[in-house]
Trainee: 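Have a look at the structure that comes next, please.
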Amino acid sequence: MSAHLAKLNPRQKEAVLHIDGPCLVLAGAGSGKTSVITRKIAYLIEECGMPARHIAAVTFTNKASREMKERVGGLVKGSAARGLTVSTFHNLGLNIIRREHKALGMKASFSIFDAEDARALLKELMLKDGDLDSDHLDLVANQISNWKNDLVIPAMAASKAASPGEAQIAEIYRRYNQALRAYNAVDFDDLILTPVRLFSEQPEVLEKWRRKIRYLLVDEYQDTNSSQYLLVKLIVGDRGGLTVVGDDDQSIYAWRGARPENLSLLKKDFPSLSLIKLEQNYRSTSRILRVANHLIAHNPHEFDKALWSEMGLGEPIRVIRCANEDAESERVAMEILSQRLKRQAKFSDFAILYRGNHQARLLEIKLQAHQIPYTISGGTSFFARAEIKDVMSYLRLIVNPDDDNAFLRIINTPRRQIGPSTLEAIGHYANERHISMFNACGEIGLGEHMPEASLERIRRFHHWVLQMGENCRGDDPVGALKQLVEDIDYEGWLHQNASAPKVAERRMENVWYLLDSIKAILQKADDDELTVEDAIAKLMLRDMLERQEEEDLGDQVQLMTLHASKGLEYPHVFMVGMEEDLLPHRTSIEEDNIEEERRLTYVGITRAQKTLTMTWAAKRKQYGEIIETSYSRFLDELPEEDVVSEGLGQHNPEVNRAQGSAMLGSLLDMLKK
DNA sequence: CTTTTTCCCATTTTT
DNA sequence: TGGGAAAAAG
């Protein structure tokens, strides 16, 4: 039929060709799910004659959506892919809100509060409340996010509150939403929730979007939360133009609201659903897949699935018992050095996976000691950097004068001699009049409560921001932004604050990079006319701004958490800390959440292409004292014939105990000397 | 404003 | 136990 199908296996072909009615593709790890999605898009456009602008593909991360865009671009020739929507859930939500802000009764320019902004706002609300100490901040932020993900509005939260404490949080929730509205802002969860509300309440708007999106494809479906699923249902309606791809065995984000049961709910909500399983794996050896299958079989399953591959049997999985965590890290470092030579592999062929970030510390020390190059993924992201947040706050305030958070961040950065007392006066004034702090700065009545000098400084700032806003809306927005950064002498401020001149230079480079990104977004006007507002909103979702991290990937060993490894693959994988209380994590054991931990282990195993090595430490320092550990229960769930144990022989309890006590004796002898 | 001191916590995290 | 962050002190 077409070139798009030639390289696919029968199951994959079936998934691509199935376009009448909703389709669930259960795609095991490494089974080519992205190929299926991208080729299905190509097939819809080129063979079914569906205009690209009526097709939308949704992913969870910017990275995934970027990759998908690229691959579709390589598949679909010429301009046929124009108008295709490939975006994250949040970006799709943002587009809907942006286009429908009138129907929503919102201003065209709104701010997006990231997690940090949201917490700052919550903190303020709770302080005002008085009797809630900010210890609960995490708890409250989490609860509110959970409510939003579960489509619970403040009134419902209040009426369903089971305890006075919960009622109190519900009240904060109400005021938090109210404050967001006053600031003309939405938080990340609102980006999904608001479109859902809009579509539920205004059928004619929904109808409009249904006419636009006629075919929807969703990646990593097991990671959707309730509101995301409802958004999907609303858009698709009963026309069945839906393909979702997911793997229930790789659901590892339940703790942040993901509902893996959405997979099985599909069957109920779309009775005509077709189920297609992709079980052929193109990544790993049979041995690795056998181990993975064997482990995950210990979880209850609604859908049975067994991965297989034609990559050959491969080497057994190695399980290495180490004396303590120090020896474990040392061993991994030595393994990497020797394996690299033996197999003529690159450093970048190795990945070390662990449960918690703190485990990276020791590994880092050992890798450094042996001069092994490495990168740790999951440090402070580009966006969390102070300099980026500062400049972004200037942009946000220019775009949306109601954004008090942005105002507070920059009013005295760099120093403008506007201190706490002045700010308090502004805050009071703004509160009484129900206007934002920035707008209060422009009012005449403000002069009452403060010295002339402070007022003058405030007036200057206010005027300057307005001027900058005008400049940005002129014909050279990027030039205006450069001017802004120079006006405030941000570079000087950075130098003044940095511990070393180098640090300041590096930070300034980040700022220029940010401006370059804005330039790039504005120039890429193949979207409709993009305003500075749109560009800033997109940036808040970290879109367009992450490739920098990927650039400096040299030949380095990769260190990351098991969570962060999902979707990636490496020839040689180490899983460290295979111990009770660590890999089934203690809190998960207490909460009886073993199944998700098992899936996490499964994800780790299936990252490996050729070899997999698991290590565990018999003793581990924990909170200062040395704890006797026991190896992870998951090791007992691996097929014996595919596993070779090392260190003290087996990880089997019997052997272990016998050899362990023998070893203990000799260890004691050694210590005595 | 910077340095010191104290205190608290110790799973996973994208947008 | 040890590291990081907030509070306090200089």
Side-chain angles (χ1 to χ4, degrees), chain A residues 58-66 87-95 97 112-118 123 133-135 137-138 141-142 145 148-149 186-193 219-220 223-225 227-228 250-258 325 353-362 365 377-384 412-415 417 419 493 496-499 537-546 549 560-567 577 579 581-591 593 596-597 599-601 603-604 620-627:
Chain A
V58 187
T59 63
F60 274 86
T61 63
N62 289 314
K63 201 170 142 205
S65 104
R66 222 179 300 130
S87 72
T88 60
F89 263 105
H90 295 268
N91 225 319
L92 177 69
L94 171 65
N95 282 329
I97 297 175
I112 299 168
F113 274 25
D114 65 15
E116 210 180 302
D117 295 321
K123 197 170 179 180
D133 52 301
S134 44
D135 283 11
L137 194 72
D138 258 342
N142 249 324
S145 180
K148 287 195 173 189
N149 289 157
V186 293
D187 65 18
F188 280 140
D189 300 319
D190 288 336
L191 289 172
I192 314 294
L193 198 59
D219 191 20
E220 302 280 15
D223 287 341
T224 52
N225 61 38
S227 64
Q228 286 161 339
Q250 291 190 69
S251 158
I252 52 176
Y253 286 111
W255 53 272
R256 64 173 202 221
E325 77 269 38
L353 310 181
Y354 37 80
R355 176 66 231 254
N357 281 123
H358 63 278
Q359 291 174 265
R361 190 170 295 139
L362 244 187
I365 292 168
S377 73
T380 25
S381 76
F382 186 74
F383 242 88
N412 213 20
T413 308
R415 297 277 113 89
Q417 294 159 53
W493 160 254
Q496 193 184 317
N497 277 68
S499 48
K538 286 205 131 198
L539 280 171
M540 283 303 294
L541 296 182
R542 301 168 185 200
D543 205 4
M544 308 286 299
L545 207 52
E546 282 165 355
E549 294 163 36
M560 69 191 84
T561 63
L562 287 159
H563 282 93
S565 75
K566 196 169 79 157
E579 293 145 42
D581 286 4
L582 240 187
L583 192 33
H585 195 270
R586 202 160 133 236
T587 40
S588 294
I589 296 172
E590 279 159 9
E591 289 165 24
N593 250 4
E596 182 147 317
E597 297 288 305
R599 289 193 291 265
L600 198 51
T601 310
V603 166
R620 191 177 286 274
K621 211 189 271 178
Q622 216 167 30
Y623 313 144
E625 54 183 342
I626 293 167
I627 303 280

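Basis for what follows: all heavy atoms, side chains included, without hydrogens, waters or symmetry-related copies. All chains are named by letter (A, B, ...) in the order of the sequence lines, taking the proteins before the strands, and each is independently numbered beginning at 1. Since the model is a prediction, treat every value here as computed from it, not as a measurement.
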Trainee: Atom CZ of A:Arg256 to atom C1' of B:dT12: distance rounded to whole Å?
Mentor: 9 Å
Trainee: Calculate the interatomic distance between A:Asn225 atom CG and B:dT15 atom P; express it in whole Å.
Mentor: 14 Å
Trainee: Starting the side chain at C-beta, find the nucleotide from B:dT11, B:dT15, B:dT13 nearest to A:Tyr253.
Mentor: B:dT13
Trainee: Applying side-chain hydrogen bond (donor to acceptor under 3.5 Å, both in side chains), name anything that partners A:Ser565, two or more places apart in sequence or on another chain.
Mentor: none
Trainee: Going by 5.5 Å between centroids and 30° between planes, is there a stack of A:Trp255 over B:dT12?
Mentor: yes
Trainee: Rounded to the nearest 0.5 Å, what separates atom CD in A:Glu579 from atom CD in A:Glu325?
Mentor: 8.5 Å
Trainee: Can you list everything that forms a side chain to side chain contact (heavy atoms under 4.5 Å, CB included) with A:Ser588? Sequence neighbours excluded, please.
Mentor: A:Arg355, A:His585, A:Asn593, A:Glu597
Trainee: Applying ring pair (Phe, Tyr, Trp, His ring centres under 6.0 Å), name anything that partners A:Phe89, two or more places apart in sequence or on another chain.
Mentor: A:Phe60
Trainee: With a 4.0 Å limit, can you tell me whether A:Thr88 has a side-chain N or O closer than that to the phosphate oxygens OP1/OP2 of B:dT14?
Mentor: no
Trainee: B:dA10 C1' sits how many Å from A:Gln359 CD, rounded?
Mentor: 12 Å
Trainee: Name the closest nucleotide to the A:Thr587 side chain, picking from B:dT12, B:dT14, B:dT11.
Mentor: B:dT11
Trainee: Which distance, rounded to the nearest 0.5 Å, do you find between the OG1 of A:Thr601 and the CG of A:Leu562?
Mentor: 7.0 Å
Trainee: Taking atom C1' in both C:dG2 and B:dT13, what distance in whole Å separates the two?
Mentor: 24 Å
Trainee: Rounding to a whole Å, what distance do you find between A:Asn62:CG and B:dT15:C1'?
Mentor: 7 Å
Trainee: Please report, rounded to the nearest Å, how far the P atom of B:dT11 is from the CG atom of A:Asn142.
Mentor: 15 Å
Trainee: When the C1' atoms of B:dT11 and C:dA6 are considered, how many whole Å apart are they?
Mentor: 23 Å
Trainee: Determine which bases of DNA chain B form Watson-Crick or G-U wobble pairs with both distances under 3.5 Å, and write the result as a 5' to 3' dot-bracket string with | for other-strand partners.
Mentor: ||||||||||.....
Trainee: Please report, rounded to the nearest Å, how far the C1' atom of B:dT14 is from the CD1 atom of A:Ile192.
Mentor: 11 Å
Trainee: So which protein N/O to nucleotides 1-7 of chain C N/O distances come out below 3.5 Å?
Mentor:
residue, atom, partner, partner atom, Å
C:dT1, O4', A:Gly624, N, 3.2

Trainee: For A:Asp219, which residues count as a side chain to side chain contact (heavy atoms under 4.5 Å, CB included) partner, sequence neighbours excluded?
Mentor: A:Lys33, A:Ile37, A:Thr59, A:Met68, A:Val245
Trainee: With a cut-off of less than 4.0 Å, is there a side-chain N or O of A:Asn357 near OP1 or OP2 of B:dT11?
Mentor: no
Trainee: Measuring to OP1 and OP2 of B:dT11, would you say a side-chain N or O of A:His585 lies under 4.0 angstrom away?
Mentor: yes
Trainee: Can you check the A:His563 NE2 to B:dT11 P distance for me, whole Å?
Mentor: 13 Å
Trainee: Would you call the rings of A:His563 and A:Tyr253 parallel, tilted or perpendicular if under 30° counts as parallel and over 60° as perpendicular?
Mentor: tilted
Trainee: Which residues pass the side chain to side chain contact (heavy atoms under 4.5 Å, CB included) test with A:Ala141, sequence neighbours left out?
Mentor: A:Leu122
Trainee: Applying side chain to side chain contact (heavy atoms under 4.5 Å, CB included), name anything that partners A:Asp581, two or more places apart in sequence or on another chain.
Mentor: A:Arg586, A:Ile589
Trainee: Using the side-chain hydrogen bond (donor to acceptor under 3.5 Å, both in side chains) criterion, which residues pair with A:Ser145? Sequence neighbours excluded.
Mentor: A:Asp189
Trainee: I need the CG-P distance between A:Asn95 and B:dT15, as an integer number of Å.
Mentor: 16 Å
